[in-house]
*Asks:* 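Sharing a structure, written as structure tokens. Questions coming.
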Amino acid sequence: MSFHVKLPDGSTKEFPEAVTPLMVAESISSGLAKQAVAARVNGEVFDIQGTLPDGAELSILKGDSDEGLDAIRHSAEHLMAAAVCEIFPDAQVTMGPKSHAGEFHYDFDLSRPLEPKDLDAVTARMKELIKAKTPFTHETMSKGEARKMFKNMGQTYKDEILDWIEGDDVTVYTCGNFKDLCRGPHVPHAGHVKAFKLLSNSGSYWRADANNAMLQRITGIAFHDKKALAEYLHRIEEAKKRDHRRLGKEMNIFSVSEKHDNHRYGNARDVEMLVTGSVSQAGMESGKLRADAVLDDKLLDGLANIFAPRVVKMNGYNVPAHSDPTRPSSDIQIRLFAGDISKEQAEAVRALEKETNERLEDGKTRIVVDRHFTEEVGPGLVLWHPKGGRLRTLIEDQWRKMHYAAGYDLVYSPHLAKSDLWKVSGHWDFYREGMFSPMAVDGQEYLAKPMNCPFHVLMYKDRPRSYRELPLRWAELGTVYRYEMAGTLHGLMRVRGFTQDDAHIFCTWEQVREEIDRTLGFVLKVLKTFGFETFTVNISTRPEKYVGSEDAWEKSEKYLEDAVQSRGLPYQIDEGGGAFYGPKIDVTLEDCLGRTWQCSTIQLDFNNPERFGLSFVNSSGEYEQPVMLHRALLGSIERFIGILIEHYAGVFPMWLAPEQVRVLPIADDQLDAARTLADALKAVGLRATVALQNEKLGAKIRQAQLDKVPAVIVVGKKEAEQGGGTVRYHGGTDGGYMSTEELIENFKNLAQIPEAS
RNA sequence: GCUGCUAUAGCUCAGGCGGUAGAGCGCAUCCUUGGUAAGGAUGAGGUCACCGGUUCGACUCCGGUUAGCAGCUCCA
């Protein structure tokens with residue numbers, strides 16, 4: 001009997017006995033055999049050493065194919081695990097979750113956290129395994145056998161993993177001394193991992209659940225050749241160079257949460273004492289809030305005695321009722337004058353702490369005396385410096401202009417409102433945890449607004465509405481405050497106070513389709529204006545818990561999909577991924593490094609009209625409920641500017657550049673001529689400055705380049721005499737000499753705002 | 001919020017196994033008056049994040065707080 005193998009070019013090879021993909025590759029060329037890392041057999045990817053069935057359709061996969069690269073990375077992941085197990089014999093191997101960007105990672109339960117230098121040791125060991133061309137082999141066994149084997153090896157996590165795997169048999173791969181459950185495929189030996197780098201180590205949770213043990217994760221990347229790895233690392237470097245946090249600082253655009261305490265506070269020796277703790281048994285039983293439980297009278301009296309008579313204010317700020325009562329918190333604060341704490345006072349505090357813990361029997365109350373009094377805005381809150389202010393103004397002005405042109409009206413609403421407003425809207429129940437703690441004013445509870453919609457709803461309710469005035473399109477650059485978890489804050493990308501470019505459209509059911517389509521068109525027009533060209537869309541449909549009628553959901557989901565299809569945008573549907581109040585589409589843009597950012601969103605809201613009892617009078621004189629659409633185009637202005645900074649690497653297009661032109665006098669003799677020229681440019685609305693520093697031209701050019709000014713105009717003796725100047729663009733392009741009139745004309749043209757369609 | 005790492009001049013960072021500190025850039029002043037990415041000199045500037053502990057002595061060691069970074073989780 002002979003065996004047949006079909007190759008991708010349509011030809012068929014015949015073999016006298018059963019063969020492996022590797023043998024087929026060898027029969028074609030020794031070069032191919034050397035490069036082969038995996039094989040696609042009848043559409044599925046396998047090892048190249050498995051026996052082929054007769055008549056198999058076979059593609060030999062090299063390292064430069066997607067599937068081949070996957071096999072290389074997956075194998076590198078196993079090599080890493082093998083190395084870690086050798087270095088840490090007691091390591092518990094868990095699993096290597098899938099990652100997005102092609103990077104591989106593996107989570108280990110280790111006796112101690114990893115340090116960066118551990119990665120060097122792991123890397124070195126991996127290189128040895130690669131050099132030795134350590135083979136990958138696999139065997140198939142029953143689950144029972146696998147359980148027994150891993151138990152003998154002392155690997156306890158594998159039991160749980162085996163529970164998730166369907167079927168009776170599992171595959172176990174071996175590389176060196178390392179064995180692990182794995183579906184494969186793997187490269188035949190470690191030598192195929194030609195280039196790799198361990199990128200970072202970090203923590204992660206077993207099954208991504210914060211209640212579980214913290215594992216040690218190592219992340220790495222691997223390629224089929226060194227050049228591809230170098231390119232990848234270069235891209236990471238490039239992204240780092242563009243990091244908006246770094247550029248924002250260098251270019252003096254904004255700052256987030258910086259301290260400025262560089263002096264003594266003199267007489268203002270006002271410090272705060274923090275008392276942090278978890279609820280005591282007594283507190284739990286009495287059902288009181290934690291603050292009351294911890295800050296009982298005995299403790300307060302004790303503190304007052306120690307620091308009397310300097311206590312100026314002493315109250316336990318109530319722990320918000322939504323907080324987890326068992327979680328330690330520093331929401332309880334006492335303010336007192338205690339600029340310098342004496343040794344006696346410190347000792348007394350310690351004694352009081354001990355006594356409190358004994359009395360409350362929880363042993364967790366901690367009294368910390370800290371000069372908690374610094375010149376800092378607070379994490380996640382942004383300061384916009386003049387350049388950033390200019391950038392924002394330019395973006396927001398353009399935004400306003402486009403909104404008026406698109407038939408919107410602009411509205412404003414306050415930063416605070418009574419918390420009742422969000423109780424009516426329902427947000428209080430769902431999203432309380434994400435709000436800043438309420439503040440008490442005149443016996444009422446107020447909140448910093450976490451969203452703008454209730455305000456717009458109230459404006460709608462200002463008077464009875466007629467169908468004749470719909471649709472109403474109300475937009476607002478509304479700054480909202482959300483309590484984002486400390487660990488998630490990131491430059492401008494994730495902050496606690498940010499400005500939504502929000503709008504709400506109130507319309508009839510007959511108008512919804514048209515409004516959705518218009519809005520999507522507007523989204524694209526605005527994003528294109530800012531220089532983005534590639535978009536994808538995600539449509540999220542009805543989740544299990546929802547409000548509104550099934551009919552309403554189905555209709556609007558169809559409208560959303562139709563709108564996306566008619567624009568020819570690539571999209572995917574996230575079934576059941578919508579918010580409880582309505583379906584939505586999210587638009588994701590791609591930046592110049594190919595990274596994607598979700599900025600825009602268009603959402604139907606069936607919740608607010610119902611909860612606030614919105615209505616309009618239709619043509620038959622009956623009351624009808626309007627449909628409400630939420631939408632944001634840029635998302636958060638803060639985040640969008642962060643994206644713009646990274647997209648343009650700080651070199652903004654002329655119309656967005658905070659400083660468009662800098663006039664450089666060659667010597668101080670030309671300062672007046674330079675000023676005159678800059679004034680002429682400023683007079684027509686261009687943003688021009690003069691370099692005043694007493695430096696050579698080279699230094700001034702360099703500075704302008706570093707400041708990322710799009711263009712400079714050099715004014716020397718010649719130019720000073722005949723007027724005008726010589727243009728040099730950012731990057732070094734020579735613009736030649738131009739008269740003042742020509743300069744004005746030239747820069748006015750360059751500063752035109754792009755017309756997107 | 002969780003885990004790990006980090007915190008020294010306006011910025012980027014050195015440094016010391018415990019005896020109060022350095023560089024480059026930037027800034028100020030002076031010299032230089034120059035032609036497309038760095039001219040020179042001098043000077044100012046720091047309670048080494050904050051609060052405790054250990055110690056004769058802490059910027060250094062230990063604990064905590066705050067904040068940043070990476071990841072996890074979350075994202076109306």
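To find a chain, count down the sequence lines: A is the first, B the second, and so on, and within it residues start at 1.
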*Asks:* Going by side chain to side chain contact (heavy atoms under 4.5 Å, CB included), name the residues that satisfy it together with A:Thr479, two or more places apart in sequence or in a different chain.
*Replies:* A:His415, A:Tyr481, A:Thr499
*Asks:* Distance check: side-chain N/O of A:Tyr431 vs OP1/OP2 of B:C74, anything under 4.0 Å?
*Replies:* no
*Asks:* Taking the same atom, P, in B:U8 and in B:C2, what whole-Å distance lies between them?
*Replies:* 24 Å
*Asks:* Taking for each residue the nucleotide of RNA chain B with the nearest heavy atom, is it A:Glu250 or A:Gly491 whose nucleotide lies nearer the 5' end?
*Replies:* A:Glu250
*Asks:* Expressed as a whole number of Å, how far does the P atom of B:C51 sit from that of B:C56?
*Replies:* 22 Å
*Asks:* Please list, one pair per line, the donor and acceptor atoms closer than 3.5 Å that link side chains of residues 708-726 of chain A to other protein atoms, with sequence neighbours excluded.
*Replies:*
{"unit_1": "A:Glu719", "atom_1": "OE1", "unit_2": "A:Gly716", "atom_2": "N", "d": "3.0"}
{"unit_1": "A:Glu719", "atom_1": "OE2", "unit_2": "A:Thr726", "atom_2": "OG1", "d": "2.6"}

*Asks:* Would you kindly compare A:Met485 and A:Ser257 by the position of their nearest RNA chain B nucleotide and give the one closer to the 5′ end?
*Replies:* A:Ser257
*Asks:* Among all residues two or more places apart in sequence or in another chain, which pass the salt bridge (Lys or Arg N to Asp or Glu O under 4.0 Å) test with A:Arg662?
*Replies:* A:Glu659, A:Asp707
*Asks:* Could you state the CG-P distance from A:Asn252 to B:C27, rounded to the nearest angstrom?
*Replies:* 13 Å
*Asks:* Output yes when A:Arg245 and A:Asp243 qualify as a salt bridge under the 4.0 Å nitrogen-oxygen rule, no when they do not.
*Replies:* yes
*Asks:* Under 3.5 Å, is there any donor-acceptor pair linking the side chain of A:Arg494 to the base of B:C75?
*Replies:* yes
*Asks:* Rounded to whole angstrom units, what separation is found between the NE2 atom of A:His490 and the P atom of B:U73?
*Replies:* 17 Å
*Asks:* Between A:Arg245 and B:C69, does any side-chain N or O lie under 4.0 Å from OP1 or OP2?
*Replies:* yes
*Asks:* What residues in residues 498-505 of chain A put a non-hydrogen atom under 4.0 Å from any atom of RNA chain B?
*Replies:* none
*Asks:* Salt bridge (Lys or Arg N to Asp or Glu O under 4.0 Å): which pairs involve residues 476-504 of chain A, sequence neighbours left out?
*Replies:* A:Lys449-A:Glu476, A:Glu484-A:Arg494
*Asks:* When you compare B:C59 with B:C17, how far apart are their C1' atoms, in angstrom units rounded to a whole number?
*Replies:* 15 Å
*Asks:* With P as the reference atom in both, quote the distance from B:C50 to B:C11 in angstrom, rounded to an integer.
*Replies:* 15 Å
*Asks:* Between A:Met451 (CE) and B:C75 (P), how many Å, whole number?
*Replies:* 13 Å
*Asks:* Would you kindly give the CG-to-P distance between A:Asp107 and B:U3, to the nearest whole Å?
*Replies:* 17 Å
*Asks:* Angle between ring planes, A:Tyr581 versus A:His630, binned at 30° and 60°: parallel, tilted or perpendicular?
*Replies:* tilted
*Asks:* Take atom P in B:C5 and the same atom in B:G53, then report the distance between them in whole Å.
*Replies:* 25 Å
*Asks:* On a whole-Å scale, what distance lies between the P atoms belonging to B:A9 and B:A14?
*Replies:* 12 Å
*Asks:* Checking A:Leu421 now: which residues fulfil side chain to side chain contact (heavy atoms under 4.5 Å, CB included) with it, not counting sequence neighbours?
*Replies:* A:Ala417, A:Pro454, A:Phe455, A:Leu458, A:Phe612
*Asks:* Salt bridge (Lys or Arg N to Asp or Glu O under 4.0 Å) with A:Asp672: which residues, sequence neighbours excluded?
*Replies:* A:Arg675
*Asks:* Which residues pass the salt bridge (Lys or Arg N to Asp or Glu O under 4.0 Å) test with A:Arg235, not counting sequence neighbours?
*Replies:* none
*Asks:* Take atom CG of A:Asp109 and atom P of B:U3, then tell me their distance rounded to the nearest Å.
*Replies:* 15 Å
*Asks:* I need the A:Cys599 SG to A:Ile643 CD1 distance, nearest 0.5 Å.
*Replies:* 3.5 Å
*Asks:* Give the rounded distance in Å between these two atoms: CG of A:Leu381 and C1' of B:U66.
*Replies:* 15 Å
*Asks:* Just to be sure I understand the rule, does A:Thr488 reach a base, reach only the sugar-phosphate, or reach nothing, if contact means heavy atoms closer than 4.0 Å?
*Replies:* base
*Asks:* Which whole number of Å gives the distance between the C1' atom of B:A41 and that of B:U32?
*Replies:* 11 Å
*Asks:* Go through the structure and list residues passing salt bridge (Lys or Arg N to Asp or Glu O under 4.0 Å) with A:Asp574, not counting sequence neighbours.
*Replies:* none
*Asks:* How does protein reach along nucleotides 32-40 of chain B, written 5' to 3' as B (base within reach of a heavy atom under 4.0 Å), S (only sugar-phosphate), or - (no contact)?
*Replies:* BBBBBBBB-
*Asks:* Would you check if A:Ser425 and A:Tyr431 make a side-chain contact, meaning some heavy-atom pair closer than 4.5 Å?
*Replies:* no
*Asks:* What salt bridge (Lys or Arg N to Asp or Glu O under 4.0 Å) pairs are there with at least one residue in residues 690-700 of chain A, not counting sequence neighbours?
*Replies:* none
*Asks:* Which whole number of Å gives the distance between the C1' atom of B:G39 and that of B:G34?
*Replies:* 9 Å
*Asks:* In dot-bracket form, 5' to 3', how is RNA chain B paired? Count Watson-Crick and G-U wobble pairs only if both distances fall under 3.5 Å, and write | where the partner sits on another strand.
*Replies:* (((((((..((((.....[..)))).(((((.......))))).....(((((..]....))))))))))))....
*Asks:* Quickly work out the A:Ile218 CD1 to B:U3 C1' distance and round it to whole Å.
*Replies:* 15 Å
*Asks:* Could you check how far NE2 of A:His244 sits from C1' of B:G68, rounded to whole Å?
*Replies:* 13 Å
*Asks:* NA contact type, A:Phe580, heavy-atom cut-off 4.0 Å: base, sugar-phosphate, or nothing?
*Replies:* nothing
